[in-house]
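We count residues from 1, following the sequence as given. Please read all numbers here as calculations on a predicted model, not as lab measurements.
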Amino acid sequence: MSKVWFVTGSSRGLGRHFVEAALSRGDKVAATARTTASLDELAAAYGDAVLPLAMDVTDKAAVFEGVKRAAEHFGRLDVIVNNAGYAQVGAIEELTEQQLRDQLETNLFGAVWVIQAALPYLREQGAGHIIQLSSAAGLIAMPLGGAYHASKWALEGLNEALAHEVADFGIKVTVIEPGGFATRSGKNPDPLNNGHMAEPNPVYDALRQRLAGIAGKQPPGDPAAAAQVLLKLVDADNPPLRILFGQGFYPMIQQAYADRLKTWADWQDLSAEAHGTLDQEVRCPFRRRERPSP
């Protein structure tokens with residue numbers, strides 16, 4: 001049985017490959033982008049199987065309207081792909097308030113609006129699969145990526161909570177954590193040259209130079225291969241809550257988690273000390289107390 005997809009950020013990159021893979025196997029897709037002109041080729045190639053939607057994920061009303069149009073147009077929604085997003089680069093000290101807010105508005109709040117708009121339809125159906133594009137940057141953090149990491153780490157927690165909330169309704173949630181993929185004219189992505197750069201403070205120039213020396217050294221992943229794996233995920237009876245796309249970051253993530261566990265274990269004495277020895281009366285601040293007699 002063919003599926004109906006709703007995919008944000010469909011104009012290019014992984015999102016575009018996801019849409020093309022779904023359409024090429026006979027599924028139907030509501031594809032969103034800031035302008036529908038970027039979706040003209042899809043409409044010409046696949047006709048009524050694709051519904052191009054002009055939508056900015058930071059516009060909550062537009063998101064709800066877009067999801068409604070897609071559900072009414074196709075009669076159902078099976079796969080929701082939260083793909084729209086970008087990476088703001090800059091040291092924490094360099095970020096403006098607006099840059100940080102814009103990062104969260106797109107990557108975090110945009111995803112929330114799509115989820116909230118789609119859930120009533122999925123819940124009524126008793127089925128559906130929400131795919132959240134996170135990143136390896138949602139699991140580990142590196143210098144100059146604080147804003148991006150903040151948005152992706154937030155998505156990790158948000159979707160883990162969501163998975164528990166909607167499981168009883170037959171809705172599945174999968175968080176995809178890609179490493180670097182060749183999504184820009186076939187070139188290896190360079191996170192330090194992505195068009196969203198904070199005004200540089202010279203005190204971080206040496207750090208930037210060190211990072212530039214190692215950026216782009218990992219072989220990029222093939223987005224077409226990633227799209228085929230996504231098809232297998234949405235067809236799986238029991239898909240994972242989390243999955244890495246690509247191999248380059250797996251050893252780094254293994255080490256990061258091993259280091260965290262070791263640090264917690266090494267400092268367990270102080271952790272226990274921080275717990276204290278308060279009595280039951282103080283330990284339960286929400287315990288109901290009897291009102292004094294008048």
Side-chain angles (χ1 to χ4, degrees), residues 1-33 38-39 41-42 45-46 49-53 57 67 70 74 76-87 107 110-111 114-115 118 122 125 127-139 152 155-156 158-160 162-163 166 170-184 186 189 219-250 253:
M1 178 180 174
S2 66
K3 291 180 168 62
V4 176
W5 298 56
F6 185 93
V7 183
T8 66
S10 299
S11 61
R12 58 184 177 83
L14 285 172
R16 183 60 167 251
H17 285 273
F18 294 162
V19 170
E20 291 174 347
L23 290 169
S24 67
R25 75 168 191 174
D27 288 355
K28 299 176 181 179
V29 181
T32 84
S38 61
L39 306 174
E41 290 183 9
L42 290 174
Y46 294 100
V50 59
L51 174 65
L53 294 171
V57 295
V67 171
F74 289 121
R76 64 181 291 112
L77 297 172
D78 299 303
V79 183
I80 308 298
V81 182
N82 263 326
N83 170 72
Y86 69 94
N107 291 10
V114 173
I115 291 168
L122 305 185
Q125 295 167 183
H129 196 166
I130 296 172
I131 303 290
Q132 176 63 59
L133 266 290
S134 177
S135 170
L139 302 171
K152 293 301 185 180
L155 285 172
E156 292 279 340
L158 182 94
N159 280 274
E160 184 169 333
L162 176 68
V166 301
I171 301 170
K172 303 166 185 175
V173 178
T174 296
V175 180
I176 296 175
E177 296 142 342
F181 277 80
T183 57
R184 296 178 180 217
D222 179 359
Q228 292 303 311
V229 171
L230 179 59
L231 296 182
K232 294 181 180 181
L233 280 175
V234 300
D235 290 342
D237 292 332
N238 187 27
L241 171 61
R242 288 183 172 88
I243 183 171
L244 293 169
F245 268 24
Q247 301 182 37
F249 280 89
Y250 184 49
I253 293 168

V4 side chain reached by V79 side chain, heavy atoms, under 4.5 Å: no
Shortest non-hydrogen contact from L23 toward A49: CD2-O, 3.6 Å
Qualifying residue, where the test is side chain to side chain contact (heavy atoms under 4.5 Å, CB included) with I130 and the options are I171, V81, V166: I171
side-chain hydrogen bond (donor to acceptor under 3.5 Å, both in side chains) assessment of S134 paired with E177: CA-CA 5 Å; S134 177; E177 296 142 342; 5.2 Å; no
Any side-chain heavy-atom pair of L42 and E20 under 4.5 Å: yes
How long is the straight-line distance from NZ of K28 back to CG of L51, given to the nearest 0.5 Å? 11.5 Å
Residues in side chain to side chain contact (heavy atoms under 4.5 Å, CB included) contact with S135, at least two apart in sequence or another chain: A137, Y148, K152
Exercise: identify the closest heavy-atom pair between A84 and T8: N-OG1, 3.0 Å
Please identify each residue that fulfils side-chain hydrogen bond (donor to acceptor under 3.5 Å, both in side chains) with S11, with sequence neighbours left out. none
Working for side-chain contact (heavy atoms from CB on, under 4.5 Å), residues L244 and L139: CA-CA 10 Å; L244 293 169; L139 302 171; 3.9 Å; yes
L39/R16 under side-chain contact (heavy atoms from CB on, under 4.5 Å): CA gap, chis, key distance, verdict: CA-CA 9 Å; L39 306 174; R16 183 60 167 251; 4.3 Å; yes
Would you name the heavy atoms of A111 and N82 that are closest together and state the gap between them? O-ND2, 3.3 Å
Measure the shortest side-chain to side-chain distance between F18 and L133 over non-hydrogen atoms and say whether it is less than 4.5 angstrom. yes
Heavy-atom closest pair (A31 atom, V50 atom, distance to 0.1 Å) is CB-CG2, 4.2 Å
Identify all side-chain donor-acceptor contacts of residues 227-236 below 3.5 Å with residues at least two apart in sequence or on another chain.
| from | atom 1 | to | atom 2 | distance (Å) |
| --- | --- | --- | --- | --- |
| D235 | OD1 | K3 | NZ | 2.9 |
| D235 | OD1 | R25 | NH2 | 3.1 |
| D235 | OD2 | R25 | NH1 | 2.6 |

What closest approach, in Å, do L53 and A70 show between heavy atoms, and which atom pair accounts for it? CD1-CB, 4.4 Å
H129 versus P239: any side-chain heavy-atom pair under 4.5 Å? yes
Hey, does S10 have a side-chain heavy atom less than 4.5 Å from the side chain of N83? no
Start with the C-alpha distance between I176 and Q132, add both sets of side-chain angles, then the distance that settles side-chain contact (heavy atoms from CB on, under 4.5 Å), and finish with yes or no. CA-CA 6 Å; I176 296 175; Q132 176 63 59; over 6 Å; no
Is there a side-chain contact between K172 and T174 (heavy atoms, below 4.5 Å)? no
Donor-acceptor side-chain pairing of D27 and W5 below 3.5 angstrom: yes
Between F74 and V29, is there a side-chain heavy-atom distance shorter than 4.5 Å? no
Would you please test V114 and F6 for side-chain contact (heavy atoms from CB on, under 4.5 Å) and show each step? CA-CA 9 Å; V114 173; F6 185 93; 4.2 Å; yes
Would you call I80 and I131 a side-chain contact if the rule is heavy atoms closer than 4.5 Å? no
